[in-house]
Amino acid sequence: MLKPTQEKTLSKWMTKALRHTPGEFGLTLDPEDGSCPADSLLAAITSHSRWSWVTLEHIRQVVRNSDKQRFEWKGERIRARYGHSHDHISYTPEIPPAVLYHGTNQKALPSILKEGLLPMGRQYVHLSEGTHFATMAGSRRGELVILRVDTAHARESGATFYYAGNEVWLADRVPAASCSIDQHAEGRHPNHE
Ligand code: HQG
């Protein structure tokens with residue numbers, strides 16, 4: 001068993017490798033689903049002396065305990081479900097629920113209300129079916145704001161949505177006119193949903 005601190009550090013390492021810079025870790029991701037063999041990920045991890053003792057079971061523990069279900073096993077392969085900055089993963093467009101949520105912060109709000117939601121450093125804008133995930137995402141950078149996205153309006157304006165699993169949706173962008181501030185966000189806390 002990994003200790004909680006080890007689990008967190010290994011999870012961060014895995015998200016970096018699977019979402020952002022796989023090449024830096026000697027990994028090649030499948031161009032369709034962004035996965036790699038779990039054995040390759042393990043080899044990349046154990047090539048570092050501090051992680052030389054890690055086993056597949058430790059990786060399974062990280063996947064199982066991830067609060068946001070960041071990773072997904074598919075047979076012998078593993079991938080990050082969402083969060084990618086590279087474009088080595090293709091999702092199929094789908095029709096989302098009528099309302100999705102995006103968690104952000106007060107500082108970003110004026111610019112979002114002007115330009116809409118943009119992917120910024122990632123491949124897609126991240127949205128969720130409920131407010132729990134949005135609360136966790138938005139609470140990372142200051143005062144929480146939760147935006148409600150009218151997805152039919154956004155689709156009519158040209159936005160495309162993709163399902164990443166675990167109630168997480170992705171969009172190439174969301175027009176400002178499809179967003180409204182969720183007035184119930186005040187008082188929400190990521191650990192008390
Ligand atoms: C904001 C983490 C100014 C956007 C999280 C966000 C999530 C704008 C930031 C997942 C903007 C981008 C994704 C605009 C959007 N002007 N700011 N026009 N449009 N923004 O981290 O959604 O723990 O790339 O509101 O919890 O915060 O890593 O996206 O504040 O689940 O698994 O620009 O990543 O999960 O920030 O987070 P990010 P995000 P993990």
Side-chain angles (χ1 to χ4, degrees), residues 4-22 25 29 34-35 41 59 61-73 78-89 91 96 99-151 153-154 157-182 185 188-193:
T5 50
Q6 292 172 321
E7 196 180 294
K8 192 166 175 187
T9 311
L10 188 55
S11 174
K12 286 196 170 176
W13 193 99
M14 284 164 54
T15 53
K16 187 162 186 236
L18 295 172
R19 286 178 178 173
H20 304 303
T21 53
F25 299 92
L29 304 185
S35 70
L41 181 69
I59 298 179
Q61 183 186 333
V62 172
V63 173
R64 206 169 42 237
N65 291 350
S66 171
D67 52 355
K68 295 192 203 161
Q69 296 293 300
R70 295 178 175 89
F71 310 100
E72 183 180 38
W73 285 99
I78 187 169
R79 70 169 182 148
R81 275 185 206 277
Y82 63 85
H84 303 81
S85 53
H86 60 74
D87 60 2
H88 293 172
I89 180 161
Y91 297 91
V99 173
L100 289 174
Y101 296 92
H102 174 84
T104 187
N105 58 83
Q106 284 290 351
K107 259 170 122 177
L109 194 57
S111 155
I112 293 173
L113 293 179
K114 203 163 131 205
E115 311 171 335
L117 286 169
L118 302 174
M120 309 306 278
R122 303 192 196 254
Q123 195 190 355
Y124 295 108
V125 173
H126 285 63
L127 304 148
S128 54
E129 291 179 13
T131 54
H132 182 61
F133 182 95
T135 301
M136 286 198 282
S139 303
R140 284 148 58 235
R141 301 194 183 97
E143 203 182 329
L144 174 68
V145 175
I146 293 190
L147 298 174
R148 280 170 67 93
V149 172
D150 176 340
T151 63
H153 184 279
S157 313
T160 308
F161 292 87
Y162 310 86
Y163 187 52
N166 196 41
E167 302 191 4
V168 177
W169 287 79
L170 306 171
D172 46 359
R173 63 183 187 87
V174 177
S178 310
C179 300
S180 58
I181 297 169
D182 184 296
R188 277 205 182 102
H189 185 277
N191 299 322
H192 294 99
E193 284 282 301

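Read the numbers this way: they start at 1 and go in the same order the structure lists the ligands and their atoms.
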**OP:** Please lay out, stage by stage, how Glu167 and Tyr101 fare under the test side-chain contact (heavy atoms from CB on, under 4.5 Å).
**Re:** CA-CA 11 Å; Glu167 302 191 4; Tyr101 296 92; over 6 Å; no
Original post:
Can you list the residues that meet the salt bridge (Lys or Arg N to Asp or Glu O under 4.0 Å) rule with Arg79, with sequence neighbours excluded?
Top reply: Glu72
Subject >> Near ligand 1, at a heavy-atom separation below 4.0 Å: residues by chain and residue number >> reply: Arg19, Lys68, Arg70, Tyr82, His102, Thr104, Asn105, Ala108, Ser111, Ile112, Glu115, Gly116, Leu117, Leu118, Met120, Arg122, His126, Phe133, Ala137, Arg140, Arg141
Subject >> Test applied, side chain to side chain contact (heavy atoms under 4.5 Å, CB included); reference residue, Met136; option that passes from Thr131, Leu144, Asp67 >> reply: Asp67
**OP:** Determine, step by step, whether Leu117 and Leu127 satisfy the side-chain contact (heavy atoms from CB on, under 4.5 Å) criterion, reporting the C-alpha distance in whole Å, the side-chain angles of both residues, the deciding distance to 0.1 Å, and the verdict.
**Re:** CA-CA 10 Å; Leu117 286 169; Leu127 304 148; 4.3 Å; yes
Subject >> Lys NZ or Arg CZ of Arg19 over Tyr82 ring: under 6.0 Å, within 45° >> reply: yes
Original post:
Counting only heavy atoms not in Arg70, do more than 12 sit closer than 6.0 Å to its CZ atom?
Top reply: yes
